[in-house]
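Shown next, in structure tokens, is the structure this report addresses.
All of these numbers come straight from a predicted model, not from anything done at the bench. Chain letters run A, B, ... following the sequence lines, proteins first, then strands; residues in each count from 1.
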Amino acid sequence: MIALLVRDMRLAVRAGGGFGLGLAFFLIVCILVPFSVGPQSQLLASIAPGVLWLGALLACLLSLDRVFALDFEDGSLDLLASAPLPMEGVVSMKALTHWLTTGLPLVVAAPALGILLSLPTQGFMWLFLSLLLGTPALSVIGTFGAALTVGLKRGGLLLSILVLPLYVPTLIFGAELARRGAAGMDTQTPLLMLAGITFATIALLPIASSAVIRINLR
Amino acid sequence: MSTRRSLWEYANPRKFMGLSGAILPWVAVSGGVLLVIGLIWGFFFTPADYRQGATVKIIYLHVPSALMAINAWFMMLVASLIWLIRRHHVSALAAKAAAPVGVAMTIIALVTGAIWGQPMWGTWWVWDPRLTSFLILFLFYLGYIALWSAIENDDTAADLASILCIVGSVFAMLSRYAVNFWNQGLHQGASLSLDKEENVADIFYHPLLVSMVAFGLIFLALVLLRTRTEIRARQLRAYLARERMQ
């Protein structure tokens with residue numbers, strides 16, 4: 001599993017791997033928002049948690065079709081399927097790679113962009129925490145969507161339609177956690193719900209994803 | 001072969017075609033007649049509500065379609081589980097056939113809700129938990145249909161769509177609770193429950209009940225018809241393939 005993770009990370013970081021695409025998209029969204037809604041810091045502060053969460057979600061969505069596509073095309077996925085490693089492990093490692101290359105940079109960059117969007121001071125910790133807790137769920141759910149569309153030539157649109165409604169609960173609780181934290185309100189309920197969603201998807205969804213991969217390789 | 005009759009006999013496409021062909025006209029006609037009765041009764045022979053006036057009458061379309069939109073997804077979930085567990089093709093095709101009917105019901109519920117909401121709430125759309133849940137349900141239906149139509153191989157498509165339906169059901173319920181937490185609503189609470197004190201008055205309830213049964217029967221008729229079409233299409237493809245081989 002570690003070897004697979006190292007290999008996928010190497011492939012992602014090297015040229016043409018698409019590393020940084022999500023991060024660049026995230027930066028663009030967050031920098032353009034003040035130009036489109038106006039520079040009043042009052043307004044920006046109130047929408048900042050939502051904008052940052054939306055940007056992070058779209059950035060995750062952008063790089064999803066790469067999760068399995070290359071391995072499917074060159075046949076590595078077939079080799080992985082016949083390897084002693086269980087498919088659930090392969091799928092989990094793919095999700096982890098996606099999170100490390102897309103989710104984690106977003107989490108690290110988000111507080112810096114929070115300054116640009118005049119996020120209130122007490123909101124930074126909550127924004128960081130909510131993204132750290134929520135983006136793994138986005139990667140795992142996205143991996144399920146990528147697994148469903150792996151055999152298709154132009155699966156990008158289908159992938160986003162499939163993943164869109166699945167992302168709704170994570171987005172609601174994640175953005176709500178960041179918003180309540182920034183406004184200094186009670187954060188316990190969304191925090192626990194977000195943690196529940198993340199850990200439940202990490203535990204259960206790889207089983208569905210690997211079943212889907214096996215069907216697609218049949 | 002056991003001689004005991006069981007429900008699973010109708011997993012055989014030929015038996016299913018025989019039974020569904022026999023009951024389809026009855027279901028369709030009784031559904032249509034009941035719908036006419038329910039709507040005429042509701043539209044012309046009930047008094048206008050003392051607060052909502054005549055706008056309340058759209059309830060005879062809104063509530064039954066919303067009910068069927070949710071039940072159609074539930075039926076697809078059951079059919080998907082049967083397909084994954086027992087591999088009966090009729091079950092997979094029934095789930096496929098139900099999805100567009102479910103979408104139509106969802107659209108009817110959303111549109112009649114908007115038309116009702118405009119005079120009552122002064123707006124076509126609010127991000128109320130119930131409205132939002134229906135929008136999410138609509139997206140789930142779209143994804144399910146899109147996945148079916150995108151994949152060439154029938155069995156692969158049936159497998160993938162079934163798994164999507166099961167995972168989607170879990171997330172749909174999760175979304176239902178998430179949006180409840182996320183926003184307070186304008187939509188009234190449940191007013192047709194069997195165990196509640198405060199329900200709609202009987203004078204509105206009886207035609208509504210007729211209309212709900214009618215929508216159920218029409219849904220059943222459409223699903224049977226569409227499943228029969230799917231089975232015929234598959235038979236036709238098999239015949240054509242056989243002819244090409246000779």
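- Legend: ring pair (Phe, Tyr, Trp, His ring centres under 6.0 Å) pairs involving residues 221-246 of chain B, not counting sequence neighbours: none detected.
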message = Using the rule given for side chain to side chain contact (heavy atoms under 4.5 Å, CB included), can you reason through V170(B) versus L204(A), listing the C-alpha separation, both sets of side-chain angles and the distance that settles it, and then say yes or no?
response = CA-CA 11 Å; V170(B) 175; L204(A) 298 176; over 6 Å; no

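- Residue pairs meeting the ring pair (Phe, Tyr, Trp, His ring centres under 6.0 Å) criterion with at least one partner in residues 171-192 of chain A, sequence neighbours excluded, are F173(A)-F181(B).
- Across every non-hydrogen atom of L152(A) and A150(B), the tightest pair is CD2-O, 3.4 Å.
- Side-chain contact check for I161(A) versus L139(B): every heavy-atom pair is 4.5 Å or farther apart.
- Each ring pair (Phe, Tyr, Trp, His ring centres under 6.0 Å) pair with one or both residues in residues 212-238 of chain B, not counting sequence neighbours, would appear here, but there are none.
- For a residue to count as touching a neighbouring chain, one of its non-hydrogen atoms must lie under 4.5 Å from one of that chain's; by this rule L157(A) does not touch chain B.
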So between chain B and chain A, what donor-acceptor pairs come in under 3.5 Å?
from, atom 1, to, atom 2, distance (Å)
D159(B), OD2, R218(A), NH1, 3.0
D159(B), OD2, R218(A), NH2, 2.8

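- For chain B, the nearby part of L164(A) is the side chain; its heavy atoms alone come within less than 4.5 Å.
- For a residue to count as touching a neighbouring chain, one of its non-hydrogen atoms must lie under 4.5 Å from one of that chain's; by this rule I172(A) touches chain B with the side chain only.
- The CG atom of L148(A) lies 5.5 Å from the CG atom of L147(B); values are rounded to the nearest 0.5 Å.
- Counting all heavy atoms, side chain and backbone alike, G168(B) lies closest to L166(A) at CA-CD2, 4.4 Å.
- Counting all heavy atoms, side chain and backbone alike, G143(B) lies closest to L162(A) at O-CD2, 3.3 Å.
- In this structure, V168(A) and F171(B) have side chains that are not in contact, with every pair of non-hydrogen atoms separated by 4.5 Å or more.
- With a threshold of 4.5 angstrom between heavy atoms, L158(A) approaches chain B through side-chain atoms but not through N, CA, C or O.
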